[in-house]
J.: 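Below you'll find the structure I mean.
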Amino acid sequence: MNYHNPVLLKESVEGLNIKSDGVYVDVTFGGGGHSKEILSRLGENGKLFAFDQDEDALKNTIDDPRFILIHENFRFITQFLKFYGVREVDGILGDFGVSSHQFDVAERGFSTRFDADLDMRMSKRNTVSAYDVVNKYEYDNLRNVLFQYGELRNANGIATAIIASREEAPIKTTEQLKKVLKQFLPARVEHKILAQIYQAIRIEVNQEIEVIKEFLLQVPDLLSKEGRLSVISYHSLEDRLVKRYIRAGQFEGEPEKDFYGNITVPLKKVGGLVIPSKQEIAQNNRARSAKLRIATKVEIK
């Protein structure tokens, strides 16, 4: 697909264990690849809701009476499903990656390949852009963003260099940012370090970690009995959140145990970790870091 080549398409949709008359949600619609696959497995009484906050994705909407596309961030999933009279669904699919379209459209500022304004917003309604993070964040906040979300060991030095440069003049474009950080970008690992820096700024701009946490906390109440969650992550920060929540029902610390040492969690994993085949990676290099985890709702007795 020109807009986005869906990753782990069959595996992620099969993980939903679709019922022909079920109600499902694709929280990251993008180019509609996963949604089309879900619809192909639904009968005439089935229903699919999809979410996408990116205005560009709305152009990909599917003309199908069983389908509704909601132009919103999926952190609001419960609120908007209630608006449509839906309180329970049979499965939820999420693909947390940045779409190929967002990477390939230079002016969006997501890619290290192009010179563009510092933007990186997944929705133009977002009031904070990459420009704001780079030019307005205080040292401690900027350093923390780079360290926590980019997992950069030299976050202190990078933050110091950015602040020293912006005091002379604002850093407005991705190319200007690269020049400011040239000393931290040795040729052999330039792309890797830049990708980590971009990732950190993008996650902060779009509040990606908080969005995933808010979403996961809503999943157990939304899923019907034996309902399924199928989630694709692309970096360790996302995957740790998903893995931890499925295993422990929380993101930090140890879950509480009852008198007998048992823990109660809202979800349980289905199968093991799924990664793309060598063939899929050869056809779509952006699939190389994808990890799929599937879970089902646990009925609390």
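On a predicted model such as this, the values are computed, not experimentally measured, just so you know.
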J.: Who pairs with R41 by salt bridge (charged side-chain N to carboxylate O under 4.0 Å, His left out), at least two apart in sequence or on another chain?
T.: E14, E37
J.: Search all heavy atoms of S224 against all heavy atoms of D90 and return the closest pair with its distance.
T.: OG-OD1, 3.0 Å
J.: When R166 is tested against each of N135, V180, V134 for side-chain contact (heavy atoms from CB on, under 4.5 Å), which residue passes?
T.: N135
J.: Compare every heavy atom of L216 with every heavy atom of P220, then report the nearest pair and how far apart it is.
T.: CD-O, 3.3 Å
J.: Over all heavy atoms of both residues, which pair between L241 and I212 is shortest? Give the atoms and the distance, please.
T.: CD1-CG2, 4.1 Å
J.: Kindly determine whether T173 and D117 satisfy side chain to side chain donor-acceptor pair (under 3.5 Å), including the steps that lead there.
T.: CA-CA 4 Å; T173 69; D117 289 342; over 6 Å; no
J.: With sequence neighbours excluded, what pairs up with E238 under the salt bridge (charged side-chain N to carboxylate O under 4.0 Å, His left out) test?
T.: none
J.: Please tell me if the side chains of I294 and I246 come closer than 4.5 Å, counting only heavy atoms from C-beta onward.
T.: no
J.: Check the side chains of S20 and E44 for a donor-acceptor pair under 3.5 angstrom, ignoring hydrogens and angles.
T.: no
J.: Could you walk me through whether D54 and F29 satisfy the side-chain contact (heavy atoms from CB on, under 4.5 Å) test, starting with their C-alpha distance in whole Å, then the side-chain angles of each, then the deciding distance to 0.1 Å, before giving a yes or no?
T.: CA-CA 9 Å; D54 192 334; F29 176 70; over 6 Å; no
J.: State yes or no: are the ring centers of F49 and Y24 separated by less than 6.0 Å?
T.: no
J.: How close do L292 and S230 get, heavy atom to heavy atom, and via which atoms?
T.: CD1-OG, 3.4 Å
J.: Specify the closest pair of heavy atoms between I70 and F80, including all atoms of both residues, with the distance to one decimal.
T.: CG2-CD2, 4.0 Å
J.: Are H235 and I203 side-chain neighbours, meaning at least one heavy-atom pair lies under 4.5 Å?
T.: yes
J.: Can you sort out the partners of N144 under side-chain contact (heavy atoms from CB on, under 4.5 Å), two or more places apart, ordered by chain and number?
T.: Q148
J.: In Å and rounded to the nearest 0.5 Å, what is the OG1 to CG distance from T28 to L93?
T.: 6.0 Å
J.: Please find the pair of heavy atoms, one from G30 and one from A57, that lie closest to each other, and give the distance.
T.: O-CB, 3.7 Å
J.: Start with the C-alpha gap between R240 and L237, add the side-chain angles, then the distance that decides, and say whether side-chain contact (heavy atoms from CB on, under 4.5 Å) holds.
T.: CA-CA 5 Å; R240 280 199 296 265; L237 296 174; 3.3 Å; yes
J.: Under a 4.5 Å cut-off applied to non-hydrogen side-chain atoms, are K178 and L194 in contact?
T.: yes
J.: With a 4.5 Å heavy-atom cut-off, do L152 and F147 have their side chains touching?
T.: no
J.: Check step by step if side-chain contact (heavy atoms from CB on, under 4.5 Å) holds for H34 and D95.
T.: CA-CA 9 Å; H34 289 106; D95 178 347; 3.4 Å; yes
J.: Filter on salt bridge (charged side-chain N to carboxylate O under 4.0 Å, His left out), then keep only pairs touching residues 214-234, sequence neighbours left out; what's left?
T.: R75-E214
J.: Quick one: does L177's side chain get under 4.5 Å of I162's, heavy atoms only?
T.: yes
J.: Say you draw a straight line from CZ of F51 to CD1 of I68; how long is it, rounded to the nearest 0.5 Å?
T.: 10.0 Å
J.: With a 4.5 Å cut-off on side-chain heavy-atom distances among I, L, V, M, F, W and Y, is there a chain of contacts connecting L8 to I275?
T.: no
J.: When hydrophobic residues are tied together by side-chain contacts of less than 4.5 Å, even through go-betweens, does L267 share a cluster with L273?
T.: no
J.: Under 4.5 Å between side-chain heavy atoms, hopping through other hydrophobics if needed: is there a path connecting V89 to L217?
T.: yes
J.: Should I281 and V274 be counted in the same cluster of Ile, Leu, Val, Met, Phe, Trp and Tyr side chains packed under 4.5 Å apart?
T.: no
J.: D239 and R293: salt bridge (charged side-chain N to carboxylate O under 4.0 Å, His left out), yes or no, with the steps?
T.: CA-CA 9 Å; D239 186 54; R293 296 187 187 274; 2.7 Å; yes
J.: Starting at CG of N154, measure out to CD1 of I193 and round the result to the nearest 0.5 Å.
T.: 6.5 Å
J.: Does A130 have any side-chain contact (heavy atoms from CB on, under 4.5 Å) partners at least two apart in sequence or in another chain, and if so, which?
T.: L118, M120, I201, V205
J.: Assess whether a salt bridge exists between K19 and D21, defined as any Lys/Arg side-chain N lying under 4.0 Å from an Asp/Glu carboxylate O.
T.: no
J.: Between E208 and F96, is a side-chain contact (heavy atoms from CB on, under 4.5 Å) present by the stated rule, with each step listed?
T.: CA-CA 9 Å; E208 292 174 36; F96 295 150; over 6 Å; no
J.: Are more than 12 heavy atoms from other residues, nucleotides or ligands located less than 6.0 Å from atom NZ of K213?
T.: yes
J.: Are H71 and E55 packed together at the side-chain level, in the sense that at least one heavy-atom pair is separated by less than 4.5 angstrom?
T.: yes
J.: Under 4.5 Å between any side-chain heavy atoms of I197 and F184, yes or no?
T.: no
J.: State whether K136 and D132 are salt-bridged, where the test is any N-O pair (Lys NZ or Arg NE/NH1/NH2 against Asp/Glu carboxylate O) under 4.0 Å.
T.: yes
J.: Report, as yes or no, whether the 6.0 Å neighbourhood of atom CZ on R153 holds more than 12 heavy atoms from other residues, nucleotides or ligands.
T.: no
J.: Do I209 and F76 sit in the same hydrophobic cluster, where Ile, Leu, Val, Met, Phe, Trp and Tyr count as joined when their side-chain heavy atoms come under 4.5 Å apart?
T.: yes
J.: Has Y139 got more than 12 heavy atoms of other residues, nucleotides or ligands less than 6.0 Å from its OH?
T.: yes
J.: Less than 4.5 Å apart, any side-chain heavy atom of L42 and any of L39?
T.: yes
J.: Working to the nearest 0.5 Å, report the span between CG of D26 and NZ of K36.
T.: 12.0 Å
J.: Report the distance from atom CG of N60 to atom CG of L69, rounding to the nearest 0.5 Å.
T.: 9.0 Å
J.: S165 side chain to A161 main-chain N or O, any donor-acceptor pair under 3.5 Å?
T.: no
J.: Looking at OG1 of T174 and CG of D115, how far apart are the two atoms once the value is rounded to the nearest 0.5 Å?
T.: 4.5 Å
J.: Do Q218 and T78 have side-chain N/O donor and acceptor atoms under 3.5 Å apart?
T.: yes
J.: Can you list everything that forms a ring-ring contact (aromatic ring centres under 6.0 Å, His included) with F251? Sequence neighbours excluded, please.
T.: Y245
